[in-house]
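Notes for the one structure printed next.
In this text the structure is predicted, and so the values were computed from the model without any measurement.
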Amino acid sequence: ALLLAGAAKLDLDDPKAALIYFRRLTALFQPLKGDWHLRLTAAYRSGDIDDASLCLETIARRWPVSLDEVRDVAVFRLTRDVAGVPGGPDRKFSLLESLYGANWKPADAFLSADRQWRELAQLMIDRGQLNRAGAVAETVAGPYTLIEMRADRRFDTVIDRDAPRFQAEAAARRRLETLEIASAAEPYRLTGVNAVAGVLIQSRRTPEALKLLGFVRPGEAAKA
């Protein structure tokens with residue numbers, strides 16, 4: 001009854017009322033994966049960042065494979081805005097840690113979780129978890145995020161500035177290669193073209209970026 005009532009309220013575009021039912025459902029019974037996903041949807045649509053973050057963390061810890069059912073934009077927003085809820089720093093750390101443990105990555109090949117993992121590594125450093133922070137820092141691949149880490153002296157304890165792995169120029173080449181492969185697989189996505197062009201510009205290869213963007217015909221933008 002609670003499940004049906006909550007689902008009906010969602011269908012009626014009343015996510016706040018739906019959230020009340022889904023909270024009761026997940027508190028009173030042995031909840032299933034779908035119950036928490038519905039609660040996440042209701043919380044997110046009603047703007048309840050506190051509850052939505054709790055739902056996302058619960059899903060990541062209990063049903064990590066089902067994270068691919070959550071939109072990238074929702075994960076990015078929650079990992080950013082959770083810092084503003086009560087106990088923000090601890091909540092952000094717990095959420096990021098759960099996503100990292102679940103091996104989450106954006107479904108969109110042109111997006112990355114670099115910023116999330118940089119923030120998680122920083123929080124681990126602040127908590128004295130240097131070995132874990134080093135392992136998380138190793139997963140960061142984006143050139144700009146690596147530059148941020150190199151500029152933050154706190155990361156000196158967990159990264160080797162001289163290692164090729166943490167050189168921005170080499171990272172830009174690796175990122176460009178990854179994006180070019182993804183873009184070739186989806187040639188009509190403007191998002192992919194922009195992503196490749198963005199790395200070219202960051203690498204000071206502006207003429208190549210302009211040439212690439214010049215090949216995008218107006219009609220193709222609608223397919224992005």
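Criterion: ILVMFWY side-chain heavy atoms under 4.5 Å apart, direct or through other members. Under it, V75 and L111 are part of a common hydrophobic cluster. Residues L146 and Y144 fall into different hydrophobic clusters, defined by Ile, Leu, Val, Met, Phe, Trp and Tyr side chains chained together at heavy-atom separations under 4.5 Å. Note: the hydrophobic cluster containing V70 does not contain V65 (ILVMFWY, side chain heavy atoms under 4.5 Å, direct or indirect links). Follow the hydrophobic side-chain contacts under 4.5 Å out from L123 and you reach L130 in the same cluster.
Two residues are said to be in side-chain contact when any heavy atoms from C-beta on lie closer than 4.5 Å; L40 and D51 fail this criterion. For the pair K105/S112, no side-chain contact is recorded, criterion being any heavy-atom separation below 4.5 Å from C-beta on. Side chains of M124 and V158 form no contact here, defined as non-hydrogen atoms less than 4.5 Å apart. Residues L54 and L95 fail the side-chain proximity criterion, which asks for heavy atoms closer than 4.5 Å. Put simply, the side chain of E148 does not reach to within 4.5 Å of the side chain of P143, judged on heavy atoms. Between I59 and S66, the closest side-chain pair of non-hydrogen atoms falls below 4.5 Å. For the pair E97 and E57, the minimum side-chain heavy-atom distance is 4.5 Å or more. Side-chain contact check for K33 versus R62: every heavy-atom pair is 4.5 Å or farther apart.
A distance-only check finds no donor-acceptor pair linking the side chain of R132 to the backbone of A121 [under 3.5 Å]. At distances below 3.5 Å, not a single donor-acceptor pair connects side-chain atoms of S183 with backbone N or O atoms of L179. Side chain of S53 to main chain of I49: a donor-acceptor pair is present (N/O by atom type, distance under 3.5 Å, no hydrogens or angles). At distances below 3.5 Å, at least one donor-acceptor pair connects side-chain atoms of T178 with backbone N or O atoms of R174. At least one donor-acceptor pair closer than 3.5 Å links the side chain of D35 to the backbone N or O of L32. The backbone N or O of D108 lies less than 3.5 Å from a partner atom in the side chain of D72, making a donor-acceptor pair.
A 6.0 Å sphere centred on CZ of R61 holds more than 12 heavy atoms belonging to other residues, nucleotides or ligands. Dense packing is recorded around CG of D160, with more than 12 heavy atoms of other residues, nucleotides or ligands lying under 6.0 Å away. In the displayed structure, E177 atom CD is contacted under 6.0 Å by at most 12 heavy atoms of other residues, nucleotides or ligands.
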Apply side-chain contact (heavy atoms from CB on, under 4.5 Å) to Y44 and R77, showing your working.
-> CA-CA 10 Å; Y44 189 83; R77 180 189 175 191; 3.4 Å; yes
Determine, stepwise, if the pair F22 / W36 fulfils side-chain contact (heavy atoms from CB on, under 4.5 Å).
-> CA-CA 8 Å; F22 292 137; W36 278 97; over 6 Å; no
For F93 and R127, run side-chain contact (heavy atoms from CB on, under 4.5 Å): C-alpha distance rounded to whole Å, both residues' side-chain angles, the deciding distance at 0.1 Å, then the answer.
-> CA-CA 10 Å; F93 175 72; R127 287 163 170 75; 3.8 Å; yes
Any chance you could lay out the side-chain contact (heavy atoms from CB on, under 4.5 Å) test for L99 and Q116, step after step, and finish with the verdict?
-> CA-CA 9 Å; L99 291 169; Q116 281 70 32; 5.8 Å; no
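Partners of F76 by ring pair (Phe, Tyr, Trp, His ring centres under 6.0 Å), not counting sequence neighbours, listed by chain and number: W104. Listed by chain and residue number, W117 satisfy the ring pair (Phe, Tyr, Trp, His ring centres under 6.0 Å) test with Y100 (two or more places apart in sequence, or in another chain).
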Ignoring hydrogens and angles, write down the donor-acceptor pairs under 3.5 Å from the side chains of residues 6-16, residues two or more places apart or on other chains.
| from | atom 1 | to | atom 2 | distance (Å) |
| --- | --- | --- | --- | --- |
| D13 | OD1 | R45 | NH2 | 3.0 |
| D14 | OD1 | A17 | N | 3.4 |

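Closest approach of L56 and L67 over heavy atoms only: CD1-CD2, 3.8 Å. In terms of heavy-atom proximity, P64 sits nearest to A60 at CB-O, 3.4 Å. A52 and L78 make their closest contact through CB-CD2, 3.7 Å (heavy atoms, listed as atom of the first residue, atom of the second, distance). Contact between R23 and D48 at its shortest, heavy atoms only, is NH2-OD2, 2.7 Å.
Annotation: the span from C55 atom SG to L19 atom CG amounts to 7.0 Å, rounded to 0.5 Å. Note that the CG atom of L38 and the CG atom of L25 stand 8.5 Å from one another [nearest 0.5 Å]. Here CD of Q129 is found 8.5 Å from CG of L120. Values are rounded to the nearest 0.5 Å. For the atom pair T41 OG1 and H37 NE2, the distance stands at 8.5 Å (nearest 0.5 Å).
Of the N and O atoms on the side chains of T26 and R39, at least one donor lies less than 3.5 Å from an acceptor on the other residue.
The residues D152 and R118 are annotated as not salt-bridged, no charged nitrogen and carboxylate oxygen being separated by less than 4.0 angstrom.
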